Amino acid sequence: MDTRPVVVGVDGGPDSLRALKWAAEYATALDAPLIALTAYQLPPIYGPYAMAGWEDSSELEGSAREMLADAVRNALGDDASYKPAVLQGHAAEALIAASGDARLVVIGSRGRGGFAGMLLGSVSQHVVAHAHCPVVVLPHSSHETN
């Protein structure tokens with residue numbers, strides 16, 4: 001029996017919420033665990049502020065955890081069965097690392113920062129090119145606005 005999880009990248013944007021719904025349905029159909037993954041990065045700081053205050057990333061991690069829980073609740077409801085994964089680092093690298101143990105990675109085609117007219121965002125492109133398992137990219141809905 002294959003017990004590898006379905007991993008879905010979540011950034012709170014509309015494309016990732018659609019990916020979350022799709023991944024949850026797929027995981028349920030296969031009786032596979034669902035991991036909802038989000039990543040956060042420390043902001044780059046230069047000059048005299050570089051040493052002040054950003055050693056503690058707990059506030060950023062807390063915000064990422066809250067966003068992930070809200071996104072899952074909005075997309076799947078209060079009784080969703082999933083494992084949250086909140087990682088520090090670049091989203092594409094976190095998803096690629098998670099793909100090593102996954103049966104499937106699911107992502108939206110564009111993240112929150114997507115430029116209008118792009119078919120794939122930079123994270124989606126990077127994950128598709130480097131993942132260690134199959135990747136499903138949910139297309140951007142033309143009915144949604146950025």
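Model, not experiment: these values are computed from the prediction. Heavy-atom basis, side chains included; hydrogens, waters and symmetry copies ignored.
- Residue-environment remark: CD (Glu66) stays at or below the threshold of 12 foreign heavy atoms within 6.0 Å.
- Between Leu104 and Val136 there is a side-chain heavy-atom pair separated by less than 4.5 Å.
- Shown are Ile96, Ile35, Val127, Val128; of these, the side chain to side chain contact (heavy atoms under 4.5 Å, CB included) with Val105 is made only by Val127.
- The neighbour count for Asp101 CG, taken as heavy atoms of other residues, nucleotides or ligands under 6.0 Å away, does not exceed 12.
- Rounding to the nearest 0.5 Å places CG of Asp70 at 13.5 Å from CZ of Arg65.
- The minimum heavy-atom distance between Leu17 and Ala75, with the atom names listed, is O-CB, 4.1 Å.
- Note: His126 and His130 have tilted aromatic rings, judged against thresholds of 30 and 60 degrees for the angle between ring planes.
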Derivation and outcome, side chain to side chain contact (heavy atoms under 4.5 Å, CB included), residues Gln41 and His90: CA-CA 6 Å; Gln41 289 185 291; His90 191 274; 3.8 Å; yes
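- Ala102 and Cys133 get closest at one heavy-atom pair: O-CB, 3.4 Å.
- Between Ala94 and Ala39, the shortest heavy-atom contact is CB-CB, 4.1 Å.
- Counting only heavy atoms from C-beta outward, the side chains of Val86 and Leu68 approach each other to under 4.5 Å.
- Residues Leu37 and Val8 form no side-chain contact, since every pair of their non-hydrogen atoms from C-beta on lies 4.5 Å or further apart.
- In this structure, Leu34 and Ala23 approach most closely via the heavy-atom pair CD1-CB, 3.9 Å.
- Panel note: side chain Thr38, backbone Met67; no donor-acceptor pair is recorded below 3.5 Å.
- When the shell of 6.0 Å around CG of Asp31 is examined, it contains 12 or fewer heavy atoms from other residues, nucleotides or ligands.
- In this structure the side chain of Val106 never reaches within 4.5 angstrom of the side chain of Tyr26, judged on heavy atoms.
- In this structure, Val7 and Arg103 have side chains that are not in contact, with every pair of non-hydrogen atoms separated by 4.5 Å or more.
- The distance from atom CZ of Arg18 to atom CD1 of Ile107, rounded to the nearest 0.5 Å, is 13.0 Å.
- Ser16 and Gly9 get closest at one heavy-atom pair: CB-O, 3.7 Å.
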Give the C-alpha distance, both sets of side-chain angles, the deciding distance and a yes or no for salt bridge (charged side-chain N to carboxylate O under 4.0 Å, His left out) between Glu25 and Lys21. CA-CA 6 Å; Glu25 290 174 9; Lys21 289 176 187 174; over 6 Å; no
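- Ala24 and Leu76 get closest at one heavy-atom pair: CB-CD2, 3.6 Å.
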